[in-house]
Colleague: 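Starting off with a structure, shown below.
Note that the structure is predicted; figures quoted are calculated from it, not measured. Numbers for residues simply follow the sequence, beginning at 1.
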Amino acid sequence: QLALEAGQMGVWEWDPISHFCSLDERSLDLFGLTPDAFDSRDASVFGSIHPEDRTRVMRTVQKALENRRLYKAEFRVLDERGRVRWLRCVGRPSYDEKGVPVWVNGICYDITERKQFEETLAESRERYRLLFENSPLPSLIVGRETLEILEDNKAAAQLYGYTRREFLKMSVLDLRPAEEI
C-alpha cells in the first residue's frame, strides 16, 4: 500500500467476461471519474479512454488475454471536464482451469508530465533539425573521438560536393589536407 501511495498508483480489477470493474479511489481519480459517475457494471472506464486511443487499447487488452501475457498500455483519458491526461496501465490476466481469462488485476499511474516532456523534446529536436538542415552555413556533426562525420547539412554538401551517403563514410580528416590537420 505504501509503494502504491508513494508512486501515486491506482489499483484496478476487471472481469473480461461480465465486464465488472473495480477501481480504488486513486484509479477513479486517474481515469477522471467520480464515484457517482462510475458504475462497475458498465464501460465507464473504457468510455473515459480517449476515443482515438480506445480501439488500440482494447486490441492490446485482447492480445494480452489471448497470448497470456502482461497487459501494458499508455493512453489518454478524458475526465468529466474534457481535460486530457496520459496513463500507463499494467495488468496481469488470471485464467480458470480451462484457460478462459476470468480476471485482470493491475495498476495505473499518471504519465502526463513525461508525455509533455517527450512532446517538448521532440519539438525541440525538430526545430534543431530544421535550423541545422536549412542553415546557409556549411555544418557538420562529427564524432568526438573518431572524427567521423555523423550529419551534414545542405550547405556542407554544396560546398564540398559530396552526397549525404558519401559524407557518412568519411571523417573530417578526409576534408582537409594533411598539413592543415
Colleague: Between N153 and L140, does a side chain to side chain contact (heavy atoms under 4.5 Å, CB included) hold up when you go through it step by step?
Modeller: CA-CA 7 Å; N153 69 358; L140 300 171; over 6 Å; no

Colleague: Check whether any side-chain N or O of D174 sits under 3.5 Å from a backbone N or O of S171 as a donor-acceptor pair, and report yes or no.
Modeller: yes

Colleague: Quick check on side-chain contact (heavy atoms from CB on, under 4.5 Å): which of S22, C21, C89, C108 does S27 satisfy it with?
Modeller: C108

Colleague: Are L159 and F167 connected in the hydrophobic side-chain network, where two residues link if heavy atoms are under 4.5 Å apart?
Modeller: yes

Colleague: A quick test of your reading: do over 12 heavy atoms of other residues, nucleotides or ligands sit less than 6.0 Å from CD of E126?
Modeller: yes

Colleague: Donor-acceptor pair, D110 side chain versus T112 backbone, under 3.5 Å?
Modeller: yes

Colleague: Transitively linked via ILVMFWY side-chain contacts under 4.5 Å: I149 with Y160?
Modeller: yes

Colleague: Under 4.5 Å between any side-chain heavy atoms of E13 and V104, yes or no?
Modeller: no

Colleague: In the structure I gave you, are the side-chain heavy atoms of F20 and W103 within less than 4.5 Å of one another anywhere?
Modeller: yes

Colleague: Without swapping roles, check the side chain of S48 against the backbone of V77 for a donor-acceptor pair under 3.5 Å.
Modeller: no

Colleague: Any carboxylate oxygen within less than 4.0 angstrom of a Lys/Arg side-chain nitrogen, looking at E74 and K115?
Modeller: yes

Colleague: According to a hydrophobic-cluster definition based on side-chain heavy atoms being under 4.5 Å apart (Ile, Leu, Val, Met, Phe, Trp, Tyr only), do V61 and W12 belong together?
Modeller: yes

Colleague: Please walk me through it: do I17 and V102 pass side chain to side chain contact (heavy atoms under 4.5 Å, CB included)?
Modeller: CA-CA 7 Å; I17 298 168; V102 293; 4.3 Å; yes

Colleague: Is it the case that one hydrophobic cluster holds both W14 and L30, taking links as side-chain heavy atoms less than 4.5 Å apart, direct or via other members?
Modeller: yes

Colleague: Is any side-chain heavy atom of F31 closer than 4.5 Å to a side-chain heavy atom of L87?
Modeller: yes

Colleague: Measure the shortest side-chain to side-chain distance between L175 and M170 over non-hydrogen atoms and say whether it is less than 4.5 angstrom.
Modeller: yes

Colleague: What are the two closest heavy atoms between S135 and A155, and how far apart are they?
Modeller: O-CB, 3.6 Å

Colleague: Would you please name every residue forming a side chain to side chain contact (heavy atoms under 4.5 Å, CB included) with K72, sequence neighbours left out?
Modeller: L70, R88, V90

Colleague: Has the side chain of D53 got a donor or acceptor atom that lies under 3.5 Å from a matching backbone atom of R76?
Modeller: yes

Colleague: Kindly check if the number of other-residue, nucleotide or ligand heavy atoms within 6.0 Å of CD (E123) is above 12?
Modeller: yes

Colleague: With side chains defined as the heavy atoms from C-beta onward, is the minimum distance between P51 and L78 less than 4.5 Å?
Modeller: yes

Colleague: State whether the side chain of D152 and the backbone N or O of A156 hold a donor-acceptor pair below 3.5 Å, judged by distance alone.
Modeller: no

Colleague: For the backbone of I49 and the side chain of R54, can you confirm whether one donor and one acceptor N or O come within less than 3.5 Å of each other?
Modeller: yes

Colleague: Could you go through E151 and F132, starting from their C-alpha distance and side-chain angles, then the distance that decides it, and tell me whether this counts as side chain to side chain contact (heavy atoms under 4.5 Å, CB included)?
Modeller: CA-CA 10 Å; E151 291 285 333; F132 175 79; 4.1 Å; yes

Colleague: With a cut-off of under 6.0 Å to the ring centre and 45° to the axis, is R68 in cation-pi contact with Y95?
Modeller: yes

Colleague: Crowded around Y162 OH? As in, over 12 foreign heavy atoms under 6.0 Å?
Modeller: no

Colleague: Tell me whether M9 is reachable from W86 by hopping between hydrophobic residues (I, L, V, M, F, W, Y) whose side-chain heavy atoms are closer than 4.5 Å.
Modeller: yes

Colleague: Find out whether L121 and F117 are in side-chain contact, i.e. whether some heavy atom of one side chain is under 4.5 Å from a heavy atom of the other.
Modeller: yes

Colleague: Roughly how far, to the nearest 0.5 Å, is CG of D24 from CG of D29?
Modeller: 10.0 Å

Colleague: Which value, rounded to the nearest 0.5 Å, describes the distance between L4 atom CG and Q1 atom CD?
Modeller: 5.5 Å

Colleague: Between T120 (side chain only) and Q116 (backbone N and O only), is there a donor and an acceptor less than 3.5 Å apart?
Modeller: yes

Colleague: Flag the pair K63 and E66 as a salt bridge only when some basic side-chain nitrogen lies within less than 4.0 angstrom of an acidic carboxylate oxygen.
Modeller: no

Colleague: Would a distance-only check, ignoring hydrogens and angles, find a side-chain to backbone donor-acceptor pair under 3.5 Å from T60 to R56?
Modeller: yes

Colleague: Can you name the side chain to side chain contact (heavy atoms under 4.5 Å, CB included) partners of R144, sequence neighbours left out?
Modeller: none

Colleague: Is there a side-chain contact between V142 and L150 (heavy atoms, below 4.5 Å)?
Modeller: no

Colleague: Is the shortest side-chain N to carboxylate O distance from E133 to R164 below 4.0 Å?
Modeller: yes

Colleague: How long is the span from the CD1 atom in I107 to the CZ atom in R26, to the nearest 0.5 Å?
Modeller: 12.0 Å

Colleague: What closest approach, in Å, do A64 and P93 show between heavy atoms, and which atom pair accounts for it?
Modeller: O-CG, 4.3 Å

Colleague: Is any NZ, NE, NH1 or NH2 atom of the basic residue among R114 and E118 found under 4.0 Å from an Asp or Glu carboxylate oxygen of the other?
Modeller: yes

